[in-house]
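First the structure, in the form of structure tokens, and then the observations on it.
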There are 2 protein chains.
Amino acid sequence: MAYQILDKGSIPEYLNGLPSVVEVLGKGKALDIEEVGDGNLNFVYKIRRADAPERSVVLKQAVPYLRMAGEEWPLSRDRMTFEIRALLAYNDLVPQFVPKVYHSDEDMSVLVMQNLDNHAVARYRMIEGEVFPNMARDVGDFLAETLFRTSTLGMESVERRHLMQQFNLNDELCKLTEEFIFTFPYMEHESNYSNPATDEYARATIRKNTAYKLDILKFKELFLTKTDALLHADLHTGSLMANAEETFVIDMEFAYFGPFGFDVGKVIANFLMCYTSHFYHSDDDSYQNWLLTEAMTIWKRFEQRFLELWDNAVGSALLLEGFLTDDQLKEYKANFMRAIFHDSVGFCACSLARRTLGIAGVADIRDIEDLGIRSQLEITNLKLSQLLLSVHEEIHTIDELESTIETFYAENNPGLVKQKVGT
Amino acid sequence: MAYQILDKGSIPEYLNGLPSVVEVLGKGKALDIEEVGDGNLNFVYKIRRADAPERSVVLKQAVPYLRMAGEEWPLSRDRMTFEIRALLAYNDLVPQFVPKVYHSDEDMSVLVMQNLDNHAVARYRMIEGEVFPNMARDVGDFLAETLFRTSTLGMESVERRHLMQQFNLNDELCKLTEEFIFTFPYMEHESNYSNPATDEYARATIRKNTAYKLDILKFKELFLTKTDALLHADLHTGSLMANAEETFVIDMEFAYFGPFGFDVGKVIANFLMCYTSHFYHSDDDSYQNWLLTEAMTIWKRFEQRFLELWDNAVGSALLLEGFLTDDQLKEYKANFMRAIFHDSVGFCACSLARRTLGIAGVADIRDIEDLGIRSQLEITNLKLSQLLLSVHEEIHTIDELESTIETFYAENNPGLVKQKVGT
């Protein structure tokens, strides 16, 4: 239907016209509609049946401006088009890890989907030190299923180009990533975050380091030109909703075809930034130990499941049956996974720096009020970024990565204690 | 207008309705229409004004079947859609190197364009030993202009994704390349060409060589997933029309966004296969010396012009002004060109093998009647393919490439003499 902005007044009639939503909420029933404020870009409503609140949906709608800033900040509604397409694709590929879609309408920029009332955004709970026993395993599986099954190993060539065609024009959000992840943080730019001691460190090291900057460009070029698979492209701990049993991935408006390592490296980086923040948030290293184990589990599970899918694949674009002997295939698989690993480590390093120096920080650290404490944690992340980028082609296994990170943190423990007052 | 197949009877009325064509031919004038038979896929007509034959155009139309095989072999007309889009893009980028478009119609699958009566297809003249003084220079310029100016260095990000969107669905022809260049020739496949001594050599060497086959897969993966720039994607000496002064590039129906090195390596490979064939076609090495010099000129000119364009570029997707210092930029450019060089050598090696073992050979060799002579030349090309693929990351300059090839040919001179009788 033609675009119109929905509100609490018009939502009931809109939903009543959608049979698939009526199945969930019932027809013509009184609804409790709550606008939930955590969306900066879009309007998001939780809608519950008044007489049976367990029957509920979430409605998300893009408006042609930036929600947090108001109508004076125009913003294309295309972001919802790509979120709809990605969520529908993920409902096919990994229904166990994404909200069920009850209704979607690209013209209306509307998604009506499963309400995840029993799940929390992982980032904030991780700052508090909550353990999610299955989350890393689930994220590894999500990555393997979505990346393998949209890659040249998991799809036939023509069908794959048609899927790519649905996402190629997610151009505005790709450009945001190009600039805010791969460009501005490494140069002087007005959009960057500022904290005096952190700025000083960045100027004296990162921004002068030729090898580092050329590696950043290498990963920017991959982001711009490599179409390995359909990426979530914004996979961090704020895009995960979890509880003790289940994990859901949300907010896929950045989805496009890009390099394998980007999703993998980005989510691992967010576990590591949480690790760094717990030098402050925790009294001991027990939660940090859990975080590091889980970050490594993401890769281990991803690799294991990716190879399982490969074992069972037939008729892909890249590898025709009979092209390689069994021995050749074994070597090829090992090389292939190592290349993804190297890229993942590299993209992880980019994320560590961009979330430290760029406009968008992580709440794990940016929400700490004391600039001096923050700066110690930020510099730790920048050092880790430089270390990982410098070794990204030299470490070949997840165990090497784990020990590299362990040694790094042992040598770079800022020895902070959480200031309970005022936080 | 709605699709209909044109013929000599209906062409005059069709052209009379096109003001831009009437400008060339005049309105309502008697026309001489000649079907020219060198298109296997499409119908191609040369159309001249009867009273002024220097006023002429070429009309090319795709029919929904394979022209050479007839209506029983259906084939999508999409190939003409992509040829039209590429030719229009090239008319903007490099008007000096492509036929001028008078009219195009995607629905009718029709192109009306400049008649190149004063130019010959280079391949057949090169077999005869004709020297084209400017062709290699022009091809280098064509490559630099088209590749740079559609790359992340030459375009802004959003605009570039919109251009890519026009070519991403050239899926059927991409699939042909994937299979016929990067897959079938390296395995036993019914589509492959057969010549007993060549087959035996291929089975004993190439198809057993793990390093070689893994490298072929590396380049296949690049072809499938790297979107460096808008490629011609079928750039060989049969796609060049030239005379002593000018060079035109034709037949761009395979155009899509792919890796830089593919166009560069492919056209160089076709010069090298012509070199190999002149062990038979020539009485001495004078033409071969010219061919090798020119093949190297293609790269030299490409690199020089690419870097000139880069010097003058502003505001690209990849490199924002001020991101690198001058020294960093210098190092980055050197690395960037070296990576294109490595890939070009690799793609060159793929072309040498596929044109030898695959269904589509080069007339330079396949038109030689004697299977034994042909086989000696074919095995020479297969040896060169293996050599180049094995060193593609070890040679870093065009001079190293030239001396590698010179040494190779000196050591692999089959010592043939052209059999004038029967050819």
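Computed from a prediction, not measured in an experiment: that's the story for all the values here. Letters A, B, ... are given to chains in the order of the sequence lines, protein chains preceding strands, and every chain is numbered from 1.
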| query | Which region of B:Tyr256, side chain (C-beta onward) or backbone (N, CA, C, O), has a non-hydrogen atom less than 4.5 Å from a non-hydrogen atom of chain A, or is it both or neither? | reply | side chain
| request: Verify, without hydrogens or angle tests, whether B:Lys220 (side chain) and A:Leu318 (backbone) share a donor-acceptor contact under 3.5 angstrom. | output: yes
| With a 4.5 angstrom heavy-atom cut-off, which part of B:Asn335 approaches chain A: side chain, backbone, both or neither? | side chain
| query | Between B:Glu156 and chain A, which part of the residue has a heavy atom less than 4.5 Å away: side chain, backbone, both or neither? | reply | side chain
| said: Quick one, A:Leu217 and B:Leu324 - any side-chain contact, counting heavy atoms below 4.5 Å? | reply: yes
| remark: Interface check, chain A: of B:Lys208, B:Glu188, B:Met187, B:Gln165, most non-hydrogen pairs under 4.5 Å belong to B:Gln165
| Is a side-chain N or O of A:Glu178 found less than 3.5 angstrom from the main chain of B:Ser157, in a donor-acceptor match? | no
| request: Write down the atom of A:Thr225, the atom of B:Lys226, and the distance for their closest heavy-atom approach. | output: OG1-NZ, 3.0 Å
| task | Would you indicate whether the side-chain heavy atoms of A:Arg161 and B:Lys175 approach each other to under 4.5 Å? | result | no
| Which bit of B:Lys218 comes within less than 4.5 Å of chain A, counting heavy atoms only: side chain, backbone, both or neither? | neither
| task | Please round to the nearest 0.5 Å and tell me the distance separating atom CG of A:Leu224 and atom CZ of B:Arg160. | result | 7.0 Å
| task | Please check if the side chain of B:Gln328 supplies one atom and the backbone of A:Lys213 the other of a donor-acceptor pair under 3.5 Å. | result | no
| field | All ring-ring contact (aromatic ring centres under 6.0 Å, His included) counterparts of B:Phe257, not counting sequence neighbours | value | none
| query | Would one find more than 12 heavy atoms of other residues, nucleotides or ligands at under 6.0 Å from atom CG of B:Asp327? | reply | no
| Among residues 148-155 of chain A, which residues come closer than 4.5 Å to chain B, judged by heavy atom distances? | A:Thr152
| Crowded around A:Glu200 CD? As in, over 12 foreign heavy atoms under 6.0 Å? | no
| query | What residue in A:Thr325, A:Leu320, A:Leu169, A:Leu214 has the most heavy-atom pairs under 4.5 Å with chain B? | reply | A:Leu169
| Those residues of residues 336-345 of chain A, ordered by number, that approach chain B below 4.5 Å (heavy atom to heavy atom) | A:Phe336
| message | Between A:Thr210 and B:Tyr332, is there a side-chain heavy-atom distance shorter than 4.5 Å? | response | no
| request: Quick one: list whatever passes ring-ring contact (aromatic ring centres under 6.0 Å, His included) with A:Phe323, sequence neighbours left out. | output: none
